[in-house]
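Below: one structure, written as structure tokens.
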Amino acid sequence: MPELLNLESFRFRISEISTMTGVSTRQLRYWEQKGYIHPMTRTDQQKARMYDFHTFVAVRIMKVFLDEGYRLPSAAEKMTSFLADINVFRDFVKQAFRGIEIVDGQPAVDMGSFDKAGKQILYGINDNGHIRYIVKDKKKDQQ
DNA sequence: CTTCTGACA
DNA sequence: TGTCAGAA
């Protein structure tokens, strides 16, 4: 899988982060002061803050927890662990995803070998929100 | 026009 | 946290 989009190259200004997350610019500066978020280092003293994609996600997640009633310190902690979980999942998918194939007449996610010998493949299918898995023998012309 | 810092409510 | 001032 080639990298179609490099999210790490995204750059946002403070007002953009504000509108995208629903968090005021005042809050963003305060959270930074408290050490909850870390905008990119500014060259000059009076230059505008720049935020990367990771920080955008962090802010958005914190906002969600705050809306759920958590206070700033708790929301920050939950954001950190949630971000860690997301990374675990992202790495998993990055390794497991082999492509999409038609199985039983519908799109199925090829999740790779199911058995150690590598003769069976695990597929995941989404039937209108109902997830099910199928193990199929690997075809010879598929090697 | 936008952002920054500091300050007051 | 919102808002405003004065500067960049």
Side-chain angles (χ1 to χ4, degrees), chain A residues 1-116 118-136 138-139 141-143:
Chain A
M1 271 276 285
E3 307 283 343
L4 299 181
L5 292 178
N6 180 12
L7 298 182
E8 295 311 308
S9 68
F10 280 52
R11 294 293 181 276
F12 306 105
R13 304 181 69 180
I14 193 170
S15 64
E16 298 175 310
I17 291 290
S18 180
T19 48
M20 290 188 293
T21 62
V23 176
S24 71
T25 58
R26 173 73 171 81
Q27 288 175 298
L28 290 170
R29 296 190 183 98
Y30 181 70
W31 295 5
E32 172 186 347
Q33 180 190 328
K34 286 295 183 180
Y36 298 139
I37 57 177
H38 309 285
M40 314 196 69
T41 54
R42 288 166 286 173
T43 54
D44 303 328
Q45 293 183 330
Q46 191 71 4
K47 199 174 182 180
R49 294 172 174 76
M50 294 300 284
Y51 299 79
D52 58 20
F53 191 82
H54 178 275
T55 304
F56 158 58
V57 175
V59 171
R60 181 56 220 174
I61 292 174
M62 272 188 68
K63 168 63 174 172
V64 171
F65 286 136
L66 286 174
D67 289 344
E68 289 180 5
Y70 292 97
R71 293 171 185 240
L72 212 48
S74 301
E77 278 187 24
K78 293 180 70 72
M79 174 271 285
T80 299
S81 64
F82 191 82
L83 236 36
D85 289 352
I86 288 179
N87 281 325
V88 170
F89 180 70
R90 183 176 54 68
D91 290 342
F92 173 83
V93 173
K94 188 174 182 180
Q95 290 299 315
F97 180 74
R98 301 298 178 77
I100 303 295
E101 288 183 28
I102 301 301
V103 177
D104 295 343
Q106 52 189 328
V109 180
D110 182 344
M111 301 171 72
S113 298
F114 179 71
D115 58 331
K116 291 183 179 179
K119 295 185 177 181
Q120 294 178 308
I121 296 180
L122 174 64
Y123 291 100
I125 298 179
N126 180 1
D127 281 319
N128 296 318
H130 174 66
I131 301 297
R132 74 170 201 273
Y133 300 93
I134 296 179
V135 174
K136 270 183 168 295
K138 200 171 188 176
K139 297 175 184 177
D141 60 297
Q142 201 175 80
Q143 301 289 344

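Chain identifiers are assigned alphabetically (A, B, ...) following the order of the sequence lines, protein sequences preceding nucleic acid strands; residue numbering begins at 1 within each chain.
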In this structure, how many angstroms lie between the P atom of B:dT3 and the CZ atom of A:Arg11, rounded?
17 Å

In whole angstrom, give the distance that lies between atom CD of A:Glu32 and atom P of B:dG6.
12 Å

Shortest non-hydrogen separation from A:Ser113 to A:Gly118 and the atoms involved:
OG-CA, 3.5 Å

Between A:Arg49 and B:dT3, is there a contact of a side-chain N or O with OP1 or OP2 at under 4.0 Å?
no

Close residues, residues 53-75 of chain A, relative to DNA chain C [heavy-atom separation under 4.0 Å]:
none

Restricting to non-hydrogen atoms, name the atom on A:Val109 and the atom on A:Phe97 that form the minimum distance, rounded to 0.1 Å.
CG1-CD1, 3.8 Å

Let's see if you get this right: which residues in residues 12-22 of chain A place a heavy atom under 4.0 Å from DNA chain B?
A:Arg13, A:Ile14, A:Ser15

Hits for side chain to side chain donor-acceptor pair (under 3.5 Å) against A:Ser18, two or more places apart or cross-chain, chain-then-number order -> none

Whole angstrom value for the distance that separates C1' of B:dG6 from CD of A:Gln33
11 Å

Can you name the residues that form a side-chain contact (heavy atoms from CB on, under 4.5 Å) with A:Glu68, not counting sequence neighbours?
A:Val64, A:Phe65, A:Tyr70

What residues, two or more places apart in sequence or in another chain, satisfy side-chain contact (heavy atoms from CB on, under 4.5 Å) together with A:Ile125?
A:Val103, A:Gln106, A:Ala108, A:Asp127, A:Arg132, A:Ile134

Listing request: all side-chain hydrogen bond (donor to acceptor under 3.5 Å, both in side chains) pairs with a residue in residues 87-99 of chain A, at least two apart in sequence or in separate chains.
A:Asn87-A:Arg90

All N/O donor-acceptor pairs, side-chain side in residues 6-16 of chain A, below 3.5 Å, sequence neighbours left out:
| residue | atom | partner | partner atom | Å |
| --- | --- | --- | --- | --- |
| A:Asn6 | OD1 | A:Glu8 | N | 3.2 |
| A:Ser9 | OG | A:Asn6 | O | 2.7 |
| A:Arg11 | NH1 | A:Glu8 | O | 2.8 |
| A:Arg11 | NH1 | A:Ser9 | O | 3.4 |
| A:Glu16 | OE1 | A:Arg13 | N | 2.7 |

Looking at residues at least two apart in the chain, or sitting in another chain, which of them share a side-chain contact (heavy atoms from CB on, under 4.5 Å) with A:Val23?
A:Thr21, A:Gln27, A:Leu28, A:Trp31, A:Val59, A:Lys63

Mind calculating the distance between CG (A:Leu28) and P (B:dT5) to the nearest angstrom?
13 Å

For residues 21-40 of chain A, which residue pairs qualify under salt bridge (charged side-chain N to carboxylate O under 4.0 Å, His left out), counting only residues two or more places apart or in two chains?
A:Glu32-A:Arg42, A:Glu32-A:Arg49

One should read off an interatomic distance between A:Met50 CE and A:Ile17 CD1, to the nearest 0.5 angstrom, of 9.5 Å

Within this structure, what is the CZ-to-P distance between A:Arg29 and B:dC4, rounded to whole angstrom?
4 Å

All side-chain contact (heavy atoms from CB on, under 4.5 Å) counterparts of A:Asp115, not counting sequence neighbours
A:Ala117, A:Lys119, A:Gln120

Might you list the N or O atoms of the protein lying below 3.5 Å from N or O atoms in nucleotides 2-4 of chain C, with each pair's distance?
| residue | atom | partner | partner atom | Å |
| --- | --- | --- | --- | --- |
| C:dG2 | OP2 | A:Ser24 | OG | 2.6 |
| C:dG2 | N7 | A:Arg26 | NE | 3.2 |
| C:dG2 | O6 | A:Arg26 | NE | 3.4 |
| C:dG2 | O6 | A:Arg26 | NH2 | 3.2 |
| C:dT3 | O4 | A:Arg26 | NE | 3.2 |

